[in-house]
Amino acid sequence: MFRLQKETPSDNDLFEGESHKNVANRMSEIISAQEDISIVGLEGDLGSGKSTIIKFVEKELSESYKFISFDAEKYHYGTTKKALIEVIYTAIRSVKGVDNALLEKHKDIALGNIIKYNKEVNSRISWWTVSFILLSLLSAQTVRYLFIAIDDLIKETGKTTIFTLIIELVTVLSPAILLMIIGTLHKILKNRVPSVGDLFQKNSTDTIHEKWVVSKEVGTIELTEALSGFTSSAVLKNKQKFILVIDNLDRVGPEKVKELWSDMELICGAANGGFKIIVPYSAKHVSAALEVDGISGKEFISKRIPINFSVPALISAGWQDAFIKIWNETVSMDTDDAKSAIRLIEIWRPVANIQITPRMLKKLANDVHILALTTPESEHKHVLIALYILYVRASNGDVRLLISQQLNSSSENVQHRDKIAITQSLLNRIFNGNTDTWTEYLISIHYQSEITLARSELIDEPLLVAVFEKDALKIDSLSSLWGFGSAWRRCFDKFDVYNWCAVLSKLHENSISLMSTEIKTTTSYLNNNYPKDETLEFNTDFYEAAMSLYERKIFGNELFYKKRYNQLKDSFTTQNIDDYSDISSIKDILHELNGYSNVL
């Protein structure tokens, strides 16, 4: 079961010589030995293997450093400094021995989540509150008299009546009764009557601490304070060291590049010596983003990144062996097809890929695998699919040029024509000279359909339309395509031969030179079938075409010329002049007789 290649850093160095791993080892040594070096660069083209090298570095230094990856592209349209704080906070909190509560506090302060402010509360005392206070005082004073009254009733002294006892009891309970009345009226009348809690409002200035999750602009000061707090001894008790990898810097806009560029030195300076930074980047893209007022961006790069490593270029033997392995994993186990694909890569390497990169090789294998799912089966199909992807998709080439026998020197440069010629020679060798096979399958790849349908779409239908419309220019363009002869034979019985002769007489000499078989078939058909009946009707287009074809020496002294001549000549000996419809018919016949007599 074949598997697609993943766009992730590789666990192993697939290329001969292990140059990527060697660079990673040297980087690890520098980072470990040079404590005063805080920023290390890794320069390389897009897809050249920078992430793989960093993965090797992480393996080497995982015991000494905690790696934090910041994807600049992921946070391209967000607040960069806020994203940096969040990413670094998440990484640090996973370290053992960290005071997470204090760490979170530093983060919340930097992001503006903790708010401290003073609030003045001005309120008025309502008559309900006054009533409650008075009743509370009265209740407190009545308690003593209530106990005396209860004692008199128990001893039956006769000093206290039941009515007095009830009055004193109601007075003692009056604050509670008032609260019940207020609560009931508040439910019914809502804001017209205060709630029980409103009775205890007071005039004051309150100091309030709240934690809000809000979007606040985070600037340089906030980032500095956050990093200083994150790496303080109170938070990091085990003095853990970190390496921040700022990845995909070459995939964001110039403004974002400049912002991150200025943040690098700040991060290292504010982190109490606990941070180092690795910056993988493409010098072409980053220098263009940093260029200011004609000053090259390379000056800014050299100033900010004192130590700079480069991704090694792949040697031919190295990437070819790696590609064969990738091909066998993703496309097929046919090593010969893989080698043919390698040759096509060398011929049609995309302009954007000056160097062969691991990403390019993986993507090509994946694209071949996917496109093969929607195309019919054929021998060496994967080679043709690889060619189609490299030439048509990656290089914006025209598939018709690949299947053309003759290239227009005015529209294609010499180098391009030579590449097509080399490609056609390679395919003829792979398919044992059977040009029709690879051209037809290449067409089916283009239309992602069965060969018969694709062939009809590319040549058959345009050929029928061109003959019907007598479009010689269209036939000229079709005649140079491989497979035109086969298409012409399939369509010969479907179009009007007289129209075909009219088109044939107007074709360019280059097209005529490719049609010896078609011309022979046409003359043979005319010799056997023309004139096909006893009609004397004059066909102007066919007559002029027949004369032109003879004059251009495309047709020789063919039998149909003589047959038509004899037919016209006999008509004068067997018919009376009254049998002709008008005098113009006689003139046409005489004109045609005169022309054919010149041929004979």
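The shortest side-chain heavy-atom distance between Leu244 and Leu84 falls under the 4.5 Å cut-off. Side-chain contact between Ile356 and Arg349: present, with at least one pair of heavy atoms (C-beta onward) separated by less than 4.5 Å. Residues Ser32 and Leu61 form a side-chain contact, since some pair of their non-hydrogen atoms from C-beta on lies under 4.5 Å apart. Residues Glu329 and Arg3 are in side-chain contact: their nearest non-hydrogen atoms beyond the backbone lie under 4.5 Å apart. Within the 4.5 Å cutoff, no side-chain heavy atoms of Leu514 are placed close to those of Phe484. For the pair Glu222 and Leu111, the minimum side-chain heavy-atom distance is 4.5 Å or more. Side-chain atoms of Lys66 and Ile243, non-hydrogen and from C-beta on, never get closer than 4.5 Å to each other. Side-chain atoms of Leu426 and Ile422, non-hydrogen and from C-beta on, never get closer than 4.5 Å to each other.
In Lys474, the NZ atom is not crowded: 12 or fewer heavy atoms of neighbouring residues, nucleotides or ligands sit closer than 6.0 Å. In Lys298, the NZ atom is not crowded: 12 or fewer heavy atoms of neighbouring residues, nucleotides or ligands sit closer than 6.0 Å. Counting non-hydrogen atoms of neighbouring residues, nucleotides and ligands closer than 6.0 angstrom, the CZ atom of Phe2 exceeds 12 such neighbours. The environment of NZ in Lys258 is crowded: more than 12 heavy-atom neighbours from other residues, nucleotides or ligands sit within 6.0 Å.
Taking the centre of each ring, Tyr441 and His446 stay at or above the 6.0 Å mark. Ring pair Phe495/Phe492: centre-to-centre distance below 6.0 Å.
Residues Asp367 and Lys363 are paired through a salt bridge, judged by an N-O separation under 4.0 Å between the basic side chain and the carboxylate. Comment: Lys81 engages Glu259 in a salt bridge, judged by a side-chain N to carboxylate O separation of less than 4.0 angstrom. The pair Glu35-Lys241 meets the salt-bridge criterion, since a charged nitrogen lies less than 4.0 angstrom from a carboxylate oxygen.
Looking only at atom types and distance, the side chain of Ser48 has no donor-acceptor partner in the side chain of Asp45 under 3.5 Å away. With hydrogens and angles left out, the side-chain atoms of Trp488 and Thr521 include no donor and acceptor closer than 3.5 Å.
In terms of heavy-atom proximity, Ala487 sits nearest to Ile459 at CB-CG2, 3.2 Å. The shortest non-hydrogen separation linking Val40 to Met27 is CG1-CE, 4.0 Å. Of all the heavy atoms in Ile430 and Ser340, the pair that sits closest is CD1-OG, 3.5 Å.
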Q.
Would Glu377 and Lys381 count as a salt bridge (charged side-chain N to carboxylate O under 4.0 Å, His left out) here? Give the steps.
A. CA-CA 7 Å; Glu377 291 297 323; Lys381 64 179 286 186; 3.4 Å; yes
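Taking Tyr65 as the reference, nothing meets the ring-ring contact (aromatic ring centres under 6.0 Å, His included) condition, with sequence neighbours excluded.
The side-chain tip of Lys107 points at the ring of Tyr89 from less than 6.0 angstrom away and within 45° of straight on.
Relative orientation of the Phe323 and Trp327 rings is tilted, given thresholds of 30° and 60° on the angle between their planes. Ring geometry for Phe242 against Phe275 counts as parallel: the plane angle stays under 30°, on a 0 to 90° scale with 60° as the upper cut.
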What pairs of donor and acceptor atoms, side-chain ones from residues 51-58 against any protein atom, are under 3.5 angstrom apart with sequence neighbours left out?
residue	atom	partner	partner atom	Å
Thr52	OG1	Ser10	N	3.2
Lys55	NZ	Asp11	OD1	2.5

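Screening Glu346, Arg343, Lys339 for a side chain to side chain donor-acceptor pair (under 3.5 Å) with Gln320, the sole residue that qualifies is Glu346.
Not a single donor-acceptor pair under 3.5 Å links the side chain of Asn238 to the backbone N or O of Gly97.
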